[in-house]
Visitor: 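I have a structure I would like to understand better, so I am pasting it below and will then ask my questions one at a time.
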Amino acid sequence: MTEVTQRKPDSATEPDGYDPAIVEKKWQTRWEQRGTNHTDLAGGARPFYALMMFPYPSAEGLHVGNLFAFTGNDIYGRFQRLQGHTVFEPIGFDAFGIHSENYALKVGVHPAELIPRNIENFRRQLKSAGLMIDWRYELSTTDPSYYKWTQWIFLELFKRKLAYRGRAAVNWCPKDKTVLANEQVIAGACERCGTKVEQRFLEQWFFKITDYAERLLADLDWIDWSESTKTAQKNWIGRSDGAEVIFRVADLLEMAGAATVGLNVMATTAELNALATDIKVFTTRPDTIFGATYLVLAPEHTLVDALTSDEQREEVTAYRRSAAKQDIVTRKVNKEKTGVFTGAYAINPATGGPIPIWIADYVLMEYGTGAIMAVPGHDERDFEFAKVFGLPIVRVVAPRSAHAAHIDSQNRDEHSTLSEPYLETENAHLVHSRQFNGLSVEEGKHAIVAWLAKHSHAKSYVTYRLHDWCVSRQRYWGPPIPIIYCDRCGEVPVPEKDLPVALPNVEDFTPDDTGVSPLARVESWYRVPCPRCGAVGRRETDVSDTFLDSAWYFLRYPSAHVEKAPFDETMLEKWLPVNSYIGGNEHAVLHLLYSRFVTMVLHDAGHLSFEEPYTKFRAHGMIIREGAKMSKSRGNVVNPDEYIERWGADSFRTYLMFLGPYEVGGDFRDQSIAGVRRFLDRLWASAIEAKRTGVPDDTVLRKLHHTIKKVGGDVPRLQYNTAIAAMMEYMNVLRAKERTPHVDEVLPLVQLVSPFAPHVAEELWERLGKTGSVFDAGWPAFDASLAAEDLVTIAVQVNGKLRGTIQLAPDSSEEGAVAAALADPGIAKFLPGPPTQVVYKPGRILSVRV
RNA sequence: GCGGGAGUGGCGGAACUGGCAGACGCACCAGACUUAGGAUCUGGCUCCGAAAGGAUUGGGGGUUCGAGUCCCCCCUCUCGCACCA
């Protein structure tokens, strides 16, 4: 790490050498003075909104990952400007949240004091990186003029009944007396104190994002996003097509007659009627219903109490209690099957036979209906459970063809006991399923659902993995949720005229043992009259999730100065949706999904004319350092300040873009920056030496136009690494054999390089006699006639092996090509006779067989 | 387990619809200029071989005049999600 701060490259100290420190300072100042980066939001033609994910202003300062993302966006934005667009490249700060709050607690400074300091540092760093940001529209989510509208959005959802209160499980540390995020639970224990974490149920606010699941999924078909991001969202939404099947709880009196069940029937008729109820289960395999040998409910299922028999009550209660105590993480990780019989039976609507009802924690209340029909013959988990508790396992699907049966030798016989669940669905048919025997799995699904539906025992049903979005945070550092509770009126929204509900300045904001927000300790703040009836009311003391802050910030930027509304209609019309959004895939399912959802809701509420916020989104890659992940504990985090100081922002930016494909990322190696710096040194030298008399060289010009084409094609596709390589190639031609380059050979390169290295480009543009910013000078024109070659080199293969190359006119005939090959002794010696087969692709290859 | 991405020189990485594998850069080697070089410039740089030539894109098959690229099987790494019925 110390080597970074060693002395700077010599070019900086040579007379008239390239000194980035001077050049960059000069242009940053000049850009500010001239307003070069100011966007004419109202009047600019061909608006282009180039958005980057706004950072959380940490105390550590800008991370190189941020800079990687921002630089990529900046190059894209600058390129669009050079193409004649009015580009808007705003920045802001995502400054609310647990992150900031925890850090503030750690260092003992109030976040309201800390955050502005951090932001100041971020501004300095962002400016030193030479980003084309219009600082006039900077915003911070902690600003009351911003979070006023975050609260307004909450109320818009509330108005549309998309915000509701419900109980939800949270991780609770009994020692620290605080709610923990899932990431803070390590192996079932609190990461801070090691105490075993418990599950607690708290009243929380939710947004009904599940109502939008289908639309969020459907739009993925047309939005222009990175495939990886779309796939992640698709999986997260997790649409699952199946059936809801109704199992009637068995009437025990009737069953007493059925000798098959050895039940001790002691219940009265009244009790039995109370039991006459339905259990809905969700299954994706209705075809296997004849193999459903028991039901399982989640321990929290509301019917459990009513179902449990007196004999089983004690055991059931104990099991439910222990399940509730377990923290959410261990419950999901611990896959050993446990469960308890409730004492009740249900009727399998397909077989008509009774099957026992169990509870087990492998069934989750939050998915499907919280109840399943267990088919141990054809489901791994059910199989395991049935083995543990000795429940019957029935095969209802068997391999169809002899071939399949052969492969599946263990489970060949459809009458044999299954030694493992049979999961195959292709080349399989139903067995032991009465009139459905012989149907394929797919046919069986439809036929059985249709059959059960006739008696209202089943219907097709779609369920989603996506859960409603819990937006409550029992914390301090966030926008207070704008709701007032009134004994008479219930949940009353704060009237818009009273927004924002300001976050009070509280000295002690440590989360306390009540499990509610620190704001609940500030009675003077939360004790307010009900806006509706005037009676004594109480404010909601939870704050909202940071992801709500960031779900709409891009709508605010162009209207950052508007006071009366969250966004100005003409600005929306002109600038939104966002033309290009670049960011990390770590936000693929949270931020990017939430902001799509909020946009859809605002669209439905009539505030926006579009329902998808980002026309185009590209996920950038991750950078590692010297082959290892960067982390504070490893001490291998790149500090941008040090590198910018030693190499210059232009070199640093260009290197970041050169170290790998932008959408993949790459390995940051200290030594390699030197190569990029040398490239800029050589660019500098070429410009200083360039002669103005005479004419440019033809060969150089040809290479130049190839380069213009290559760079112009690569940049919009974010293929920055190859664009830079192409410019380096051109540089090698430009400076070959100590020739002195001509101004007209250098100027276009300055333009090509400008999105990557903006400061040095401006400086050289000026030194080469141009006035005004290079960013207002457009993009060099590509001239195909100047790029055309009169001779091309093509490869010659004999019997599939490369034997040499020949020079040909691009439109040479096959005969000409063969003749040229024969004329080359190196190739001819592999051609003893006349060719028996010739494949010739002009400009590409000549392939002959003998 | 499911889903995404990736395996190419000493290293980071190039290679458009199949068409000269290793562009560009780092490191390294040699030379020039130099009191000096960690500056600059010139040249070299996948492996085996003195050469002719041969081998080579994680491994094994296949299609093709021709495969890093397409098809089948397998291995490894990596990032998400994970008892989702």
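In this text the structure is predicted, and so the values were computed from the model without any measurement. We name chains A, B, ... by the order of the sequence lines, and we start the count at 1 in each one.
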Visitor: Examine the base of B:C26 for any acceptor or donor lying under 3.5 Å from a partner atom in the side chain of A:S672, and report the outcome as yes or no.
Guide: no
Visitor: Heavy atoms only, 4.0 Å cut-off, all strands: where does A:K829 land among base, sugar-phosphate and nothing?
Guide: sugar-phosphate
Visitor: Quick one: is A:R682 getting a side-chain N or O under 4.0 Å of the B:C41 phosphate, OP1 or OP2?
Guide: yes
Visitor: Can you tell me how the ring of A:F617 sits relative to the ring of A:W225, calling it parallel under 30°, perpendicular over 60° and tilted otherwise?
Guide: tilted
Visitor: On RNA chain B, compare the nucleotides closest to A:F282 and A:S228; which residue's is nearer the 5' end?
Guide: A:S228
Visitor: Describe the nucleic acid contact of A:R717 in one word from base, sugar-phosphate, nothing, applying a heavy-atom distance below 4.0 Å.
Guide: nothing
Visitor: Which is it for B:G49, anti or syn, if anything within 90° of zero counts as syn?
Guide: anti
Visitor: Hey, does the side chain of A:N721 come within less than 4.0 Å of B:G25's phosphate (OP1/OP2), counting only N and O?
Guide: no
Visitor: Does A:E663 reach the side chain of A:S226, with side-chain heavy atoms less than 4.5 Å apart?
Guide: yes
Visitor: Applying a 3.5 Å limit to both distances, which nucleotide forms a Watson-Crick or G-U wobble pair with B:U35?
Guide: none
Visitor: Indicate, with a heavy-atom threshold strictly under 4.0 Å, whether A:T805 touches base, sugar-phosphate, or nothing.
Guide: base
Visitor: So A:T793, base contact, sugar-phosphate only, or nothing? Heavy-atom distance under 4.0 Å.
Guide: base
Visitor: What does B:A6 pair with, Watson-Crick or G-U, if both distances are under 3.5 Å?
Guide: B:U76
Visitor: Write down the partner of B:A82 under the Watson-Crick or G-U wobble criteria, each distance required to be under 3.5 Å.
Guide: none
Visitor: Classify the nucleic acid contact of A:E729 as base, sugar-phosphate or nothing, counting any heavy atom under 4.0 Å across all strands shown.
Guide: sugar-phosphate
Visitor: Base, sugar-phosphate alone, or nothing: which one does A:F385 contact when heavy atoms must sit under 4.0 Å apart?
Guide: nothing
Visitor: With a 4.0 Å cut-off on heavy atoms, is A:R239 in touch with a base, just the backbone sugar-phosphate, or nothing at all?
Guide: nothing
Visitor: For A:M365 and B:C83, give me the distance from atom CE to atom C1', rounded to whole Å.
Guide: 16 Å
Visitor: Contact class for A:R465 (heavy atom, under 4.0 Å): base, sugar-phosphate, or nothing?
Guide: base
Visitor: With a cut-off of under 6.0 Å to the ring centre and 45° to the axis, is A:K337 in cation-pi contact with A:Y362?
Guide: yes
Visitor: Would you say a side-chain N or O of A:K280 is under 4.0 Å from OP1 or OP2 of B:A85?
Guide: no
Visitor: Quick check for you: among B:C65, B:G3, B:C16, whose closest atom lies nearest to any side-chain atom of A:R844?
Guide: B:C16
Visitor: Report the C-alpha distance between A:K280 and A:D278 in whole Å, list the side-chain angles of each, state the deciding distance to 0.1 Å, and finish with yes or no for salt bridge (charged side-chain N to carboxylate O under 4.0 Å, His left out).
Guide: CA-CA 6 Å; A:K280 289 177 178 169; A:D278 291 337; over 6 Å; no
Visitor: Can you check whether A:Y464's main-chain N or O pairs, donor with acceptor, with A:S240's side chain at less than 3.5 Å?
Guide: no
Visitor: Would you indicate whether the side-chain heavy atoms of A:V397 and A:V441 approach each other to under 4.5 Å?
Guide: yes
Visitor: If we count only N and O atoms by modelled type, under 3.5 Å, do the side chains of A:R465 and A:N235 hold a donor and an acceptor together?
Guide: no
Visitor: Side chain of A:R678, heavy atoms from C-beta onward: which of B:C65, B:C24, B:A27 has the nearest atom to it?
Guide: B:A27
Visitor: Find the distance A:K234:NZ to B:C84:C1' and express it as a whole number of Å.
Guide: 19 Å
Visitor: Among B:C26, B:G4, B:G19, which nucleotide has an atom closest to any side-chain atom of A:Q671?
Guide: B:C26
Visitor: Between A:F756 (CZ) and B:G25 (P), how many Å, whole number?
Guide: 15 Å
Visitor: Can you tell me the base-pairing partner of B:A21? Count Watson-Crick or G-U wobble geometry only, both distances below 3.5 Å, and say none if there is no partner.
Guide: none
Visitor: Distance check needed: B:C41 C1' versus A:E689 CD, whole Å only.
Guide: 12 Å
Visitor: NA contact type, A:F658, heavy-atom cut-off 4.0 Å: base, sugar-phosphate, or nothing?
Guide: base
Visitor: Find the distance A:L752:CG to B:C24:P and express it as a whole number of Å.
Guide: 18 Å
Visitor: Answer with base, sugar-phosphate or nothing: what part of the nucleic acid does A:D382 contact at a heavy-atom distance below 4.0 Å?
Guide: nothing
Visitor: Measure from CZ on A:R669 to P on B:C28 and round the result to the nearest Å.
Guide: 14 Å
Visitor: Using the closest heavy atom to pick a nucleotide of RNA chain B for each, name whichever of A:V839 or A:N732 lands nearer the 5' end.
Guide: A:N732
Visitor: With heavy atoms under 4.0 Å as the rule, sort A:N585 into base, sugar-phosphate or nothing.
Guide: nothing
Visitor: Using a cut-off of less than 4.0 Å, is there contact between a side-chain N or O of A:T463 and OP1 or OP2 of B:A85?
Guide: no
Visitor: Among the candidates B:G25, B:C81, B:G19, find the nucleotide nearest to the side-chain atoms of A:I845.
Guide: B:G19
Visitor: In whole angstrom, give me the gap between the C1' atoms of B:C74 and B:G25.
Guide: 35 Å
Visitor: Which of the following nucleotides, B:C20, B:C11, B:C83, is nearest to the side chain of A:K337?
Guide: B:C83
Visitor: Where the side chain of A:D361 is concerned, which of B:C83, B:G4, B:G19 is the nearest nucleotide?
Guide: B:C83
Visitor: With distance as the sole test, does A:T654 use its side chain to make a donor-acceptor pair with the main-chain N or O of A:S651 at under 3.5 Å?
Guide: no
Visitor: I'd like the P distance from B:G10 over to B:G58, given in whole Å.
Guide: 13 Å
Visitor: Within 45 degrees of the ring normal and closer than 6.0 Å to the centroid, is that where the cationic atom of A:R653 sits relative to A:F756?
Guide: no
Visitor: What is the distance, rounded to the nearest whole Å, between atom OH of A:Y662 and atom P of B:G5?
Guide: 20 Å
Visitor: Report the nucleotide, chosen from B:A14, B:A85, B:C83, that has the shortest atom-to-atom distance to any side-chain atom of A:I372.
Guide: B:A85
Visitor: Where the side chain of A:K801 is defined as all heavy atoms beyond and including C-beta, which of B:G19, B:G4, B:A55 is the nearest nucleotide?
Guide: B:A55
Visitor: May I ask which nucleotide in the shown strands pairs with B:A15, Watson-Crick or G-U wobble, both distances under 3.5 Å?
Guide: none
Visitor: When you measure from the side chain of A:L802, which nucleotide among B:A21, B:G66, B:A85 comes out closest?
Guide: B:A21
Visitor: If pairing requires Watson-Crick or G-U wobble contacts with both distances under 3.5 Å, which nucleotide is the partner of B:A52?
Guide: none
Visitor: Within the structure, does a side-chain N or O atom of A:R849 lie under 4.0 Å from either OP1 or OP2 of B:U64?
Guide: no
Visitor: Heavy atoms from C-beta onward define the side chain here; which of B:G25, B:C83, B:A55 lies closest to that of A:M728?
Guide: B:G25
Visitor: Any strand is fair game: report the nucleotide pairing with B:A67 by Watson-Crick or G-U wobble, both distances under 3.5 Å, or none.
Guide: none
